[in-house]
Number of protein chains: 2
Amino acid sequence: MVGMPEPAPLDPEQLAAYFAVMEVGSLLQHAVEQQLRDEGGLSYIQFQILAVVGESAEGRQRMTDVADRLVHSRSGLTYQVAQLAERGLVAKESSPEDERSVIVALTPQGRELLERVMAGHVEVVRGLFFTPLNDEDVTALGDVLGRVRDHMRTVPPRSAAPRRRRGN
Amino acid sequence: MVGMPEPAPLDPEQLAAYFAVMEVGSLLQHAVEQQLRDEGGLSYIQFQILAVVGESAEGRQRMTDVADRLVHSRSGLTYQVAQLAERGLVAKESSPEDERSVIVALTPQGRELLERVMAGHVEVVRGLFFTPLNDEDVTALGDVLGRVRDHMRTVPPRSAAPRRRRGN
DNA sequence: GTCTTGTGCTTCGAATTCGAAGCAGGTGTA
DNA sequence: TACACCTGCTTCGAATTCGAAGCACAAGAC
């Protein structure tokens, strides 16, 4: 790594794209966070947890599987699931198959809150993110960024594999 | 707000684009964060602060102006600038024009570290983000997301203006 | 069986985050 | 000058973050 030839700096177009992704992500998260806080007392991660769990047909997911869908530490997930459980939005159950696993299950209150909050969430995203875009833009974005995401999820972070589990 | 007609949910293409932006932003930040930590003992925000200050010709910026470039709370900025100052990477000076202002100035060590770390930073971003993209993709991304960013920076977050200061 | 290793989750401490409240300097108006 | 109101930044406390270390169960080798 040391003594390598100067890596060419990113050209202006690349910089613009890179900064734009980071900035849009941050800004959108902050905006969404405020709406979720106001309308449901949820942080973004709590919302994401509810959403991921609610997505599965049964409304039940293993902690690890939730973690793999989110960009978050496992200990942080433990903490947040505990918060959600305290509010009665999810229940922690143990798996019959694997005594180590913890299943996160959406309670009726959890599903109710998720649905109630989702409307405002969609509104915010639509208003901030999609307003200045047409259908082509949206398609292009999904395509290009989807490719980037797949690439990032594939290439391990140049050391320390993330506890292998990609093989669904 | 209450009793409005059901807002149409986002269609699959929109969802894909929205999720991709959020996920790519998070993943990229985590990857970059690790490189910065390893090679310079910097968090992403600390790096951003150094970068923003270093960008100005003089290597000097007011706290507020730095804050406006970043998506971060002002108190958090105070904290992080203090951390950087403690390591001798920046110096806090008072402005002769406005006694209230604090000027953040890059020290030689700060500039040196910034330059040293930048190489790896660029490598990570290039490897993770740009590898799966061609020039057209990059241009499209910058264009589309740039529009979104401008829109978001314009539209105030449906209450509580961010301490007006956009009029440079 | 039992040993070794792997996996799932939690606990711990230290660091960082935010917004609300506070302080001090500026600006406008009379 | 006196007063009210901005503006720039910091301080405060509570909540949240992470990785390292720990605990318990699982799975394979022998």
Side-chain angles (χ1 to χ4, degrees), chain A residues 26 29-34 36-38 41-49 61-87 90 92-104 157 159-167, chain B residues 26 29-34 36-38 41-49 61-87 90 92-104 157 159-167:
Chain A
S26 295
Q29 175 166 347
H30 275 252
V32 159
E33 202 131 46
Q34 188 180 327
L36 292 172
R37 187 80 62 191
D38 292 349
L42 293 173
S43 66
Y44 190 52
I45 312 184
Q46 291 176 335
F47 171 73
Q48 285 181 306
I49 294 170
Q61 287 273 281
R62 295 195 316 156
M63 291 278 279
T64 286
D65 294 327
V66 176
D68 284 345
R69 294 277 311 266
L70 305 177
V71 183
H72 206 65
S73 69
R74 275 145 209 281
S75 52
L77 184 63
T78 295
Y79 176 79
Q80 287 299 351
V81 168
Q83 297 299 109
L84 291 173
E86 211 167 87
R87 287 179 57 186
V90 302
K92 298 174 70 169
E93 307 171 357
S94 55
S95 163
E97 306 157 7
D98 188 334
E99 202 53 47
R100 295 165 302 176
S101 295
V102 171
I103 303 287
V104 185
S159 69
R163 276 238 203 191
R164 167 168 42 84
R165 162 144 277 279
R166 299 280 66 220
Chain B
S26 294
Q29 175 165 346
H30 275 251
V32 159
E33 203 131 46
Q34 188 181 328
L36 293 171
R37 186 82 61 192
D38 292 349
L42 293 173
S43 66
Y44 190 51
I45 311 186
Q46 292 176 335
F47 171 74
Q48 286 182 305
I49 294 171
Q61 286 273 282
R62 296 195 316 157
M63 290 278 278
T64 287
D65 294 328
V66 176
D68 284 345
R69 294 276 311 265
L70 273 27
V71 183
H72 206 64
S73 69
R74 275 147 208 280
S75 52
L77 184 62
T78 294
Y79 176 79
Q80 287 299 351
V81 169
Q83 297 301 108
L84 291 172
E86 212 167 87
R87 287 179 57 186
V90 302
K92 297 174 72 169
E93 308 171 356
S94 55
S95 164
E97 307 157 5
D98 188 335
E99 203 52 47
R100 295 165 302 177
S101 294
V102 171
I103 303 288
V104 184
S159 69
R163 277 239 203 188
R164 169 169 41 86
R165 162 144 278 278
R166 300 280 66 223

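Reckoned from all heavy atoms, side chains included, excluding hydrogens, waters and symmetry mates. Residue numbers begin at 1 in each chain, while the letters A, B, ... track the order of the sequences. Quick caveat: nothing in here was measured; it's all calculated off a predicted structure.
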Please determine, for the side chain of [X], which listed nucleotide ([options]) has the closest atom?
| X | options | answer |
| --- | --- | --- |
| A:Ser75 | D:dT16, D:dC18, C:dG25 | D:dC18 |
| B:Thr64 | C:dG26, D:dG8, C:dT10 | D:dG8 |
| B:Glu99 | D:dT17, D:dA26, C:dG25 | C:dG25 |

d([atom1], [X]; [atom2], [N]) in whole Å:
| X | N | atom1 | atom2 | value |
| --- | --- | --- | --- | --- |
| B:Glu97 | C:dT27 | CD | P | 11 Å |
| B:Arg37 | C:dA15 | CZ | P | 11 Å |
| A:Glu33 | C:dG19 | CD | C1' | 13 Å |
| A:Gln29 | C:dT17 | CD | P | 13 Å |
| A:Arg74 | D:dG22 | CZ | C1' | 16 Å |
| A:Gln61 | C:dG8 | CD | P | 14 Å |
| A:Tyr79 | D:dC18 | OH | P | 12 Å |
| B:Asp38 | D:dG19 | CG | C1' | 13 Å |

B:Gln46 vs A:Arg100, nearer the 5' end of DNA chain C by closest nucleotide: A:Arg100
5'-most by nearest nucleotide on DNA chain D - B:Asp98 or A:Asp98: B:Asp98
5′-ward residue of the pair A:Gln83/B:Leu77 relative to DNA chain D: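 Checking each residue's closest nucleotide, the 5'-ward one belongs to B:Leu77.
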Look at [X] and [N] and indicate whether a side-chain polar atom (N or O) is within less than 4.0 Å of OP1 or OP2.
| X | N | value |
| --- | --- | --- |
| B:Gln80 | C:dT17 | yes |
| B:Lys92 | D:dC9 | no |
| A:Arg62 | C:dG8 | yes |

Test applied, side-chain hydrogen bond (donor to acceptor under 3.5 Å, both in side chains); reference residue, A:Gln80; option that passes from A:Gln48, A:Gln46, A:His72: A:Gln46
Shortest non-hydrogen contact between B:Ser43 and B:Leu36, atoms and distance: O-CD1, 4.2 Å
Sugar-phosphate only, base, or nothing, as touched by B:Ile45 at under 4.0 Å among non-hydrogen atoms: sugar-phosphate
Sugar-phosphate only, base, or nothing, as touched by A:Thr78 at under 4.0 Å among non-hydrogen atoms: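 Here A:Thr78 touches the bases of the nucleic acid.
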Heavy-atom side-chain contact between A:Met63 and A:Thr78 under 4.5 Å: yes
Side chain proximity check, B:Arg74 to B:Thr64, heavy atoms < 4.5 angstrom: yes
Chi angles and distances behind the side chain to side chain contact (heavy atoms under 4.5 Å, CB included) call for B:Glu93, B:Val104: CA-CA 6 Å; B:Glu93 308 171 356; B:Val104 184; over 6 Å; no
Nucleotide pairing, DNA chain D (Watson-Crick or G-U, distances under 3.5 Å), in dot-bracket with [ ] and |: ||||||||||||||||||||||||||||||
Verdict with supporting geometry, A:Ile103 and A:Gln61, side chain to side chain contact (heavy atoms under 4.5 Å, CB included): CA-CA 5 Å; A:Ile103 303 287; A:Gln61 287 273 281; over 6 Å; no
Full working for side chain to side chain contact (heavy atoms under 4.5 Å, CB included) between B:Leu42 and B:Leu84: CA-CA 9 Å; B:Leu42 293 173; B:Leu84 291 172; 4.1 Å; yes
Side-chain ion pair, A:Arg62 and A:Asp68, N-O less than 4.0 Å: no
